[in-house]
Engineer: 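So that we are looking at the same thing, I have put the structure below in structure tokens.
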Amino acid sequence: MQPRIRRSRPPTNLRPFSGPLLDGPERAAARAMLYPVGFTEADFQKPIIGIASTWSRVTPCNMHIDQLALEAEKGVNANGGKAIVFNTITVSDGISNGNEGMKYSLVSREVIADSIETVVGCSGMDGYVAIGGCDKNMPGALICMARMNRPAVFVYGGTILPGCLAGPSASSRGRELDIVSVFEAIGQHAAGKLSDAELHAVEACAIPGAGACGGMYTANTMASAIEALGMSLPNSSAQDAVSPAKLDDCRRAGAAVVDLLRQGIRPREILTKKAFENAIAVVVALGGSTNAVLHLLAIAHAANVKLSLDDFTRVGRRVPVLADLKPSGRYSMSALVAIGGIRPLMKTLLDAGRLHGDCLTVTGETLAETLADVRPYPPTPAIVRPFDRPIKKESHLVIFRGNLAPEGAVGKITGKEGARFEGKALVFEGEETALKAILGGGVKAGRVVVIRGEGPKGGPGMREMLSPTSAIMGKGLGRDVALITDGRFSGGSHGFVVGHVTPEAYVGGPIALVRNGDRILLDSLQRTLTLDVSAAELARRRKAWKKPAPRYTRGVLAKFAAHVTSASQGAVTDANLTL
């Protein structure tokens with residue numbers, strides 16, 4: 001079924017960019033280049049719609065997207081457009097986590113946005129579909145859509161199915177697995193709780209095929225946020241990667257872009273402040289990733305919408321956590337798909353006055369109109385709680401401030417970790433040394449692990465601390481050890497962890513002045529992150545502090561470090577450009 005499109009607007013020019021590129025005798029050379037790639041005479045009179053594919057064999061998250069792109073192409077062509085499929089890069093956080101390669105992860109978000117903009121702009125595309133299936137290509141695509149403001153629809157590549165353990169341990173056979181299971185198994189192995197054979201069994205069974213990591217980790221969080229923003233079709237965020245529903249989603253998305261072009265509906269009409277508040281509300285209700293804070297700030301910046309850390313606190317005070325999803329909860333994204341995805345949850349939030357129903361979506365309808373016929377979840381589902389019996393009464397995404405994070409920091413506090421933690425600092429200059437200490441037994445109960453030098457500029461690239469947080473959980477220290485960092489976390493991280501500490505250590509933020517043995521207090525109720533050191537002592541330490549030399553002086557990491565803003569501003573690279 002095609003999405004209904006409002007017909008109240010006057011007809012628009014369907015070829016605002018491809019027309020100047022292809023029309024007239026002087027553009028014969030341009031047309032000549034397109035005959036070999038499949039254009040006919042009639043195609044030159046149709047709007048050109050790009051299909052930005054993030055297909056790659058680099059990661060299972062994206063290995064099926066080449067086929068999804070072909071389905072989107074069919075949808076465009078059947079609705080009167082002419083589709084052109086092109087590729088952009090993707091990287092794998094799951095593979096690169098815990099090593100130097102992870103520094104390229106956040107950088108790839110900017111490269112992806114730039115590359116889609118480059119191809120769409122150079123090729124005179126009148127609109128486009130972007131298909132993403134992993135953490136950074138999703139916000140990267142949305143940043144580009146907001147920047148270019150041409151009719152566009154995002155398609156999520158879909159969630160992976162759970163793995164199933166079939167290893168030597170009879171007691172654990174049949175247990176559902178995902179990539180976080182492997183990271184935590186590494187800690188269990190280091191603690192002597194898993195044998196070599198048991199670790200290998202987890203490793204070999206955790207990833208059964210195509211699709212993004214299967215909990216409410218960053219990919220599923222961002223897919224849900226994008227749907228709540230109104231930039232993908234209903235249910236795009238909650239479909240298995242390999243399914244008839246996902247193929248249909250791609251075809252309908254291709255058709256929808258052509259309809260958006262006919263109606264003159266562009267992304268910035270959809271990406272309003274209210275839409276971002278809807279996205280925050282849905283992320284909170286789902287118990288989503290802290291990376292949503294970073295990425296929504298960046299997308300809002302590209303859309304010229306004023307969004308700040310304080311908006312996450314303001315919206316979060318009104319929205320409860322309802323979904324019992326991994327990593328803090330029990331269920332996989334695939335289990336949520338099976339009972340109806342996020343649409344019934346969104347209808348619950350709308351009925352409770354927690355969503356703005358008048359926001360426009362890529363269907364051409366308002367959010368409220370798209371939710372009008374949504375049926376509730378099955379009776380008493382364990383996966384999603386009723387509004388009046390939440391897992392947590394307000395947001396798990398806590399924005400901390402204090403003398404250790406004067407510009408803010410972001411924690412994911414579900415309540416299982418407790419509300420307050422006080423302990424002595426154990427400071428590490430980078431992730432690798434921290435991980436070695438955790439796995440080697442050098443981190444004891446009552447400690448606050450401080451990992452610094454991992455911010456956007458200092459890393460550079462703001463690596464995810466999934467390996468250290470998973471090692472802490474695997475070692476059984478989840479309730480006894482806290483971790484703070486100027487880096488960030490994977491959506492799979494859980495425990496008493498606070499990231500995005502700003503200003504970061506590289507620019508002389510207070511985290512750079514912490515010493516071993518300093519007392520640190522994390523209070524999620526007061527939203528404070530406090531270093532128990534006098535102002536006079538901090539002033540003495542600051543005077544002695546020296547800015548470290550940059551780790552990279554050439555290449556993409558150096559360019560990123562030179563231009564990137566603070567994490568509290570979304571870690572974007574075009575905010576400080578001057579002409």
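Values below: all heavy atoms of this structure, side chains included; hydrogens, waters and symmetry mates excluded.
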Engineer: Under 3.5 Å, is there a donor-acceptor pair linking the side chains of Glu227 and Asn235?
Structural biologist: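 No, no side-chain donor-acceptor contact under 3.5 Å.
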Engineer: Quick one: closest heavy-atom pair of Ala405 and Val501, and the distance?
Structural biologist: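 Shortest heavy-atom separation between Ala405 and Val501 comes out as CB-CG1, 4.1 Å.
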Engineer: Looking only at heavy atoms, what is the nearest atom pair of Thr159 and Cys213, with distance?
Structural biologist: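 It is OG1-O, 4.3 Å.
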Engineer: Run the salt-bridge test on Glu464 and Lys136 with the 4.0 Å N-O cut-off and return the result as yes or no.
Structural biologist: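 Looking at Lys136 together with Glu464, the answer is yes, because their closest N to O distance falls below 4.0 Å.
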Engineer: For Asp523 and Thr528, which I'm curious about, is there any donor-acceptor pair between the side chains at under 3.5 Å?
Structural biologist: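 Not at all, the side chains of Asp523 and Thr528 share no donor-acceptor pair under 3.5 Å.
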Engineer: Side chains of Asp178 and Ile160: does their closest heavy-atom pair fall under 4.5 Å?
Structural biologist: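 They are not in side-chain contact.
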Engineer: Tell me if the CD atom of Gln526 is crowded by more than 12 foreign heavy atoms within 6.0 Å.
Structural biologist: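 At most 12 heavy atoms, drawn from other residues, nucleotides or ligands, come within 6.0 Å of this atom.
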Engineer: Under 3.5 Å, is there a donor-acceptor pair linking the side chains of His295 and Asp135?
Structural biologist: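 Their side chains do not contain a donor-acceptor pair, so the 3.5 Å distance test is not met.
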Engineer: With no hydrogens and no angle check, is any side-chain donor or acceptor of Thr502 less than 3.5 Å from a backbone partner on Gly408?
Structural biologist: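 Confirmed, Thr502 side chain pairs with Gly408 backbone.
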Engineer: Check for a donor-acceptor pair, side chain of Thr565 on one end and backbone N or O of Val572 on the other, with a separation under 3.5 Å.
Structural biologist: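 Side chain of Thr565 to backbone of Val572, a donor-acceptor pair under 3.5 Å: yes, one is there.
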Engineer: Could you give me the CA-CA distance, side-chain angles and deciding distance for Leu307 and Ile280, then say whether side-chain contact (heavy atoms from CB on, under 4.5 Å) is met?
Structural biologist: CA-CA 11 Å; Leu307 192 72; Ile280 293 169; 4.2 Å; yes
Engineer: Any side-chain heavy-atom pair from Ile84 and Ile48 closer than 4.5 angstrom?
Structural biologist: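 They are in side-chain contact.
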Engineer: Is there a side-chain contact between Asp93 and Met102, using heavy atoms and a 4.5 Å cut-off?
Structural biologist: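 Answer yes - side chains close enough.
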Engineer: Identify whether the distance between the nearest side-chain nitrogen and carboxylate oxygen of Arg527 and Glu394 falls below 4.0 Å.
Structural biologist: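 Yes, this pair counts.
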Engineer: Between the side chains of Asp249 and Tyr156, does any donor sit under 3.5 Å from an acceptor?
Structural biologist: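 On atom types as modelled, these side chains do not qualify, holding no pair under 3.5 Å.
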Engineer: Atom CG in Leu336, atom OG in Ser224: separation rounded to 0.5 Å?
Structural biologist: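 Between atom CG of Leu336 and atom OG of Ser224 there are 7.5 Å.
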Engineer: In plain terms, say whether Arg150 and Asp126 are close enough for a salt bridge, that is, a side-chain N and a carboxylate O under 4.0 Å apart.
Structural biologist: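 Salt bridge: no.
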Engineer: Within the distance-only criterion (no hydrogens, no angle test), does the side chain of Ser123 pair as donor or acceptor with the backbone N or O of Val119 below 3.5 angstrom?
Structural biologist: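 Between the backbone of Val119 and the side chain of Ser123 there is a qualifying donor-acceptor contact (under 3.5 Å).
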Engineer: Does a side-chain heavy-atom distance below 4.5 Å link Arg488 with Ser105?
Structural biologist: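 In contact.
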Engineer: Which value, rounded to the nearest 0.5 Å, describes the distance between Gln239 atom CD and Cys250 atom SG?
Structural biologist: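 Result: 8.0 Å between the selected atoms.
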Engineer: Please check if the side chain of Arg266 supplies one atom and the backbone of Ala152 the other of a donor-acceptor pair under 3.5 Å.
Structural biologist: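 Such a contact is absent between Arg266 side chain and Ala152 backbone.
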Engineer: Classify the side-chain pair Glu417/Thr414 by whether it contains a donor and acceptor separated by less than 3.5 Å.
Structural biologist: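 Present: a donor and an acceptor within the cut-off.
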Engineer: For the side chain of Thr366 and the backbone of Glu369, is there at least one donor-acceptor N/O pair under 3.5 Å apart?
Structural biologist: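 Present.
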Engineer: Given 3.5 Å as the limit, does a donor-acceptor pair link the side chain of Arg354 with the main chain of Ala352, or not?
Structural biologist: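 Checking the backbone N and O of Ala352 against the side chain of Arg354, a donor-acceptor pair under 3.5 Å is found.
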Engineer: Do Thr218 and Ser289 get their side chains close enough for a donor-acceptor pair, meaning under 3.5 Å?
Structural biologist: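 Indeed, the side chains of Thr218 and Ser289 share at least one donor-acceptor pair under 3.5 Å.
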Engineer: With a 4.5 Å cut-off on side-chain heavy atoms, are Val284 and Phe312 touching?
Structural biologist: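 They are not in contact (no side-chain heavy atoms under 4.5 Å apart), so the answer is no.
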Engineer: Per the salt bridge (charged side-chain N to carboxylate O under 4.0 Å, His left out) rule, which among Lys273, Arg317, Lys306 passes with Asp311?
Structural biologist: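 It is Lys273, the one option of Lys273, Arg317, Lys306 that forms the salt bridge (charged side-chain N to carboxylate O under 4.0 Å, His left out) with Asp311.
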Engineer: With the side chain counted from C-beta on, respond yes when His64 and Trp55 share a heavy-atom pair under 4.5 Å apart, and no when they do not.
Structural biologist: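 Answer no - side chains too far apart.
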Engineer: Gly121 and Met148: which non-hydrogen atoms are nearest, and at how many Å?
Structural biologist: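 That closest heavy-atom pairing would be N-CE, 3.8 Å.
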Engineer: Would you find a donor on one side and an acceptor on the other, under 3.5 Å apart, between the side chain of Ser115 and the backbone of Val111?
Structural biologist: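 Checked: pair present.
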Engineer: Distance alone, cut at 3.5 Å: any donor-acceptor contact between the side chains of Asn79 and Arg262?
Structural biologist: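 Result is yes, a qualifying pair exists.
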Engineer: Please give me the minimum heavy-atom distance between Val153 and Ala256, naming the atom from each residue.
Structural biologist: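 Closest approach of Val153 to Ala256, heavy atoms only: CG2-CB, 4.2 Å.
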Engineer: For salt bridge (Lys or Arg N to Asp or Glu O under 4.0 Å), just list the numbers for Lys274 and Asp358, CA-CA rounded to whole Å, side-chain angles, deciding distance to a tenth of an Å, and then say yes or no.
Structural biologist: CA-CA 9 Å; Lys274 285 184 176 181; Asp358 58 344; 3.0 Å; yes
Engineer: For Ile270 and Leu360, which heavy atoms make the closest approach, and how far apart are they?
Structural biologist: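 Minimum heavy-atom separation between Ile270 and Leu360: CG2-O, 3.3 Å.
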Engineer: Checking Phe496 against Ile413 for the side-chain contact (heavy atoms from CB on, under 4.5 Å) test, could you report, in this order, the C-alpha distance in whole Å, the side-chain angles of both residues, the deciding distance, and whether it holds?
Structural biologist: CA-CA 7 Å; Phe496 213 125; Ile413 310 299; 3.9 Å; yes
Engineer: Is the side chain of Asn291 donor-acceptor paired with the backbone N or O of Ser490 at a distance under 3.5 Å, no angle test?
Structural biologist: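 No; judged by distance alone, with no hydrogens or angles, the pair does not exist.
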Engineer: Verify side chain to side chain donor-acceptor pair (under 3.5 Å) between Ser56 and Asn62, making sure each step is shown before the conclusion.
Structural biologist: CA-CA 6 Å; Ser56 166; Asn62 294 64; over 6 Å; no
Engineer: Could Arg401 and Asp310 be called an ion pair, given the rule that one side-chain N must be under 4.0 Å from one carboxylate O?
Structural biologist: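 Asp310 and Arg401: salt-bridged.
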Engineer: Roughly how far apart are Glu269 CD and Thr272 OG1, rounded to 0.5 Å?
Structural biologist: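 Here the interatomic distance stands at 10.5 Å.
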Engineer: Any chance the side chains of Ser332 and Ser334 put a donor and an acceptor closer than 3.5 Å?
Structural biologist: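 No, no side-chain donor-acceptor contact under 3.5 Å.
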Engineer: What's the verdict on side-chain contact (heavy atoms from CB on, under 4.5 Å) for Val282 and Asn278, showing C-alpha distance, side-chain angles and the deciding distance?
Structural biologist: CA-CA 6 Å; Val282 168; Asn278 286 345; 5.6 Å; no
Engineer: Within a strict 4.5 Å, meaning less than it, do heavy atoms of the Leu322 and Ile391 side chains meet?
Structural biologist: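 Contact flag for Leu322/Ile391 side chains = no.
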Engineer: Rounded at 0.5 Å granularity, tell me how far CE in Met222 sits from CD1 in Ile226.
Structural biologist: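 Taking CE in Met222 and CD1 in Ile226, the distance rounds to 5.0 Å.
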Engineer: I'd like to know whether Arg147 forms a salt bridge (Lys or Arg N to Asp or Glu O under 4.0 Å) with Asp114, so could you lay out the CA-CA distance, the side-chain angles of the two residues, the decisive distance to 0.1 Å, and finally the verdict.
Structural biologist: CA-CA 10 Å; Arg147 275 186 201 164; Asp114 291 349; 2.9 Å; yes
Engineer: Given side chain to side chain donor-acceptor pair (under 3.5 Å), test Thr370 with Arg343 step by step and report yes or no.
Structural biologist: CA-CA 9 Å; Thr370 69; Arg343 302 300 288 179; 2.8 Å; yes
Engineer: Just by distance, do the side chain of Asp43 and the backbone of Lys82 share a donor-acceptor pair under 3.5 Å?
Structural biologist: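 Absent.
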Engineer: For Met216 versus Leu286, what's the shortest heavy-atom pair and its separation?
Structural biologist: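 For Met216 and Leu286, the tightest heavy-atom pair comes out as CG-O, 3.5 Å.
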Engineer: Any donor-acceptor pair under 3.5 Å linking the side-chain atoms of Glu277 with those of His356?
Structural biologist: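 Judged by distance alone, the side chains do pair up.
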Engineer: Ser18 versus Met125: any side-chain heavy-atom pair under 4.5 Å?
Structural biologist: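 No, side chains not in contact.
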Engineer: Let me confirm one number: the CD1-OG1 distance from Ile342 to Thr348, rounded to the nearest 0.5 Å.
Structural biologist: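 Going from CD1 on Ile342 over to OG1 on Thr348, the span is 11.5 Å.
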Engineer: Does any pair with a residue in residues 320-329 pass side-chain hydrogen bond (donor to acceptor under 3.5 Å, both in side chains), and if so which ones, sequence neighbours excluded?
Structural biologist: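 Sorted result for residues 320-329: Asp324-Arg330.
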Engineer: Could you state the interatomic distance from CG (Asn149) to CG (Asn304), rounded to the nearest 0.5 Å?
Structural biologist: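 With rounding to 0.5 Å, CG (Asn149) is 9.5 Å from CG (Asn304).
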Engineer: After noting the C-alpha distance and the side-chain angles of Leu309 and Leu297, does the key distance pass the side-chain contact (heavy atoms from CB on, under 4.5 Å) rule?
Structural biologist: CA-CA 8 Å; Leu309 291 177; Leu297 289 171; 4.0 Å; yes
Engineer: Is there a donor-acceptor contact under 3.5 Å from the side chain of Thr361 to the main chain of Glu365?
Structural biologist: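 Yes: the side chain of Thr361 pairs with the backbone of Glu365.
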